[in-house]
Chemist: 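One structure is given below, represented as structure tokens, and several questions about it will come after.
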Amino acid sequence: MCLFKPVTHVIFDMDGLLLDTVDLYLSIHNEALASYGHSLTWENIMAEMGHTGLEVAQKFCAMFNLKISPDEYFKRVKSFYPELFPTVKVMGGAEKLVRHLHKHNIPIAIASGGAQDSYELKTTNHKEFVTMFNHVVLASTDPEVKNGKPAPDVFLVCASRFSDTPKPEQCLVFEDAPNGVAAGVAAGMQVIMVPDSRLDDKMTKGASQVLKSLEDFKPELFGLPKYDD
């Protein structure tokens, strides 16, 4: 008996799932915090993945009792984006899976906590890759997305923008972060989690399936076309 329900549409998170950005975010925030005598751990950053940029700024300003506003802190963080984000690499297995789904005309989209300006920088050297997605929803700058992950907003908005507007249960979400998994589950979707190897196993609860890499995904388990090889 199959444990999973067949799906027709696939929604991908971007940071840490399609693009290897989590450690870049850690470097950027530590650069921004250095002059205030503070620093973050990888766990601190991972706990915020999926939130909007301003939500993250609010969290770190409060956490370190910074004497600047979240807006000012966010501006400081963004000043490091142009140098670092264009260097980002595609995660292992991402291109193979996306190309496979695209080739078989499976509707695919991106639902990210990011913003338009940072998205443009991150995809500087991956323009052809991102053209395979039907659409991209960026929670930090999309007026229809009221709350970042773990709220379900970004996934529900993303699903609504497919031309045939699938029901949530027809959508499969790929995520790497606990906030994203919670958001996908709250949206009523099945969620595949591909966590960073540093993430505590206790933080992988709630996903329909947990994989070590996108390379390990078997599309046929969810009623999607099998890999040709």
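Owing to the predicted nature of the structure, the values given are computational and were not obtained by experimental measurement.
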Chemist: Do His100 and Lys96 have side-chain heavy atoms sitting under 4.5 Å apart?
Modeler: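 No; the side chains remain at least 4.5 Å from each other.
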Chemist: Quick one: do His104 and Tyr227 satisfy ring pair (Phe, Tyr, Trp, His ring centres under 6.0 Å)? Show the steps, please.
Modeler: CA-CA 10 Å; His104 289 279; Tyr227 280 119; 8.9 Å; no
Chemist: I need the minimum non-hydrogen distance between Ser140 and Gly113, along with the two atoms involved.
Modeler: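 Closest approach of Ser140 to Gly113: OG-O, 2.6 Å.
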Chemist: Got His51 and Pro150 here, is their nearest side-chain heavy-atom distance under 4.5 Å?
Modeler: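 Yes, close enough: below the 4.5 Å cut-off.
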Chemist: Checking side chain to side chain contact (heavy atoms under 4.5 Å, CB included) against Asp176, which of Asp196, Asp15, Val22 comes through?
Modeler: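 The option that passes is Val22.
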Chemist: Is it true that, when you exclude Lys127 itself, more than 12 heavy atoms of the residues, nucleotides or ligands shown sit nearer than 6.0 Å to its NZ?
Modeler: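 Above 12, so yes.
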Chemist: Do the charged groups of Arg198 and Glu43 touch, with an N to O distance under 4.0 Å?
Modeler: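 Salt bridge flag = no for Glu43 with Arg198.
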Chemist: Distance from Met189 atom CE to Lys167 atom NZ, nearest 0.5 Å?
Modeler: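 Those atoms lie 13.0 Å apart.
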Chemist: Hey, is Lys5 close enough to Glu169 for a salt bridge, meaning N to O under 4.0 Å?
Modeler: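 No.
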Chemist: Quick one: does Ser208's side chain have a donor or acceptor within less than 3.5 Å of a partner on Val191's backbone?
Modeler: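 Between the backbone of Val191 and the side chain of Ser208 there is a qualifying donor-acceptor contact (under 3.5 Å).
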Chemist: Would you say the ring centers of Tyr25 and Phe80 fall short of 6.0 Å from each other?
Modeler: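 No, ring centres 6.0 Å or more apart.
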Chemist: Looking at every heavy atom in both Ala177 and Met49, which two are closest together, and how far apart are they?
Modeler: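 Answer, listing the atom of Ala177 first, then Met49: CB-CB, 3.9 Å.
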Chemist: Are Tyr119 and Met91 connected in the hydrophobic side-chain network, where two residues link if heavy atoms are under 4.5 Å apart?
Modeler: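 As far as the 4.5 Å side-chain criterion goes, Met91 and Tyr119 are not connected within one cluster.
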Chemist: Against Leu18, only a single residue in Asp13, Ile110, Val90 fulfils side chain to side chain contact (heavy atoms under 4.5 Å, CB included); can you say which?
Modeler: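 That would be Ile110; it is the only one of Asp13, Ile110, Val90 passing the side chain to side chain contact (heavy atoms under 4.5 Å, CB included) with Leu18.
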Chemist: Give me the atom names and distance for the closest heavy-atom approach of Ser39 to Phe64.
Modeler: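 Looks like O-CZ, 3.6 Å.
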Chemist: In the single-linkage hydrophobic clustering (I, L, V, M, F, W, Y; side-chain heavy atoms under 4.5 Å), do Met14 and Phe162 co-cluster?
Modeler: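 Yes; Phe162 is reachable from Met14 via cluster members.
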Chemist: Taking all non-hydrogen atoms of both residues into account, name the closest pair between Asn179 and Glu48 and its distance.
Modeler: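 The answer is ND2-C, 4.0 Å.
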Chemist: Rounded to the nearest 0.5 Å, how far does CD of Gln209 lie from CG of Leu221?
Modeler: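 So the CG of Leu221 and the CD of Gln209 are separated by 6.0 Å.
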Chemist: Are the charged groups of Asp20 and Lys122 less than 4.0 angstrom apart, N to O?
Modeler: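 No, no charged N to carboxylate O under 4.0 Å.
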Chemist: Consider only side-chain N and O atoms of Ser69 and Glu72, and report whether a donor and an acceptor are under 3.5 Å apart.
Modeler: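 Their side chains do contain a donor-acceptor pair, which is all the 3.5 Å distance test asks for.
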Chemist: Can you check whether Phe129 and His102 have ring centres sitting under 6.0 Å from each other?
Modeler: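 Judged by ring-centre distance (under 6.0 Å), Phe129 and His102 do not meet the cut-off.
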Chemist: If you define the side chain from C-beta out and look only at heavy atoms, does anything of Leu40 sit under 4.5 Å from Met63?
Modeler: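 Yes, close enough: below the 4.5 Å cut-off.
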Chemist: With rounding to the nearest 0.5 Å, note down the distance linking CD1 in Ile45 to OG in Ser27.
Modeler: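 One finds 9.0 Å between CD1 of Ile45 and OG of Ser27.
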Chemist: Find out if a path of hydrophobic residues (ILVMFWY) with successive side-chain heavy-atom gaps under 4.5 Å connects Leu66 to Leu54.
Modeler: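 Each belongs to a different hydrophobic cluster.
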Chemist: Asn134 side chain to Ile108 main-chain N or O, any donor-acceptor pair under 3.5 Å?
Modeler: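 Checking the backbone N and O of Ile108 against the side chain of Asn134, a donor-acceptor pair under 3.5 Å is found.
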Chemist: Can you confirm whether Gln116 is buried at CD, in the sense that more than 12 heavy atoms of other residues, nucleotides or ligands lie under 6.0 Å from that atom?
Modeler: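 Yes.
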Chemist: Fit a plane to each ring of Phe12 and Phe174, take the angle between them on a 0 to 90° scale, and name the class: parallel (under 30°), tilted (30 to 60°) or perpendicular (over 60°).
Modeler: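 Plane angle under 30°, so parallel.
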Chemist: If you draw a 6.0 Å radius around CG in Asp200, do more than 12 non-hydrogen atoms from other residues or ligands fall strictly inside?
Modeler: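 Yes, CG of Asp200 has more than 12 neighbouring heavy atoms, counting only those of other groups under 6.0 Å.
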Chemist: How close do Thr204 and Val210 get, counting heavy atoms only, and between which atoms?
Modeler: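 Taking Thr204 first and Val210 second, the nearest heavy atoms are O-CG2, 3.8 Å.
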Chemist: Considering only NZ, NE, NH1 and NH2 on the basic side and carboxylate oxygens on the acidic side, decide whether Arg99 and Glu128 come within less than 4.0 Å.
Modeler: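 Looking at Arg99 and Glu128, the cut-off is met.
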Chemist: Is any NZ, NE, NH1 or NH2 atom of the basic residue among Glu31 and Arg76 found under 4.0 Å from an Asp or Glu carboxylate oxygen of the other?
Modeler: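 Looking at Glu31 and Arg76, the cut-off is not met.
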Chemist: Where is the tightest heavy-atom contact between Ala139 and Val154, given as atom of each residue plus distance?
Modeler: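 Minimum heavy-atom separation between Ala139 and Val154: CB-CG2, 4.2 Å.
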Chemist: Pairing donors with acceptors under 3.5 angstrom, does anything connect the side chains of Asp164 and His9?
Modeler: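 Per modelled atom types, Asp164 and His9 side chains form a pair under 3.5 Å.
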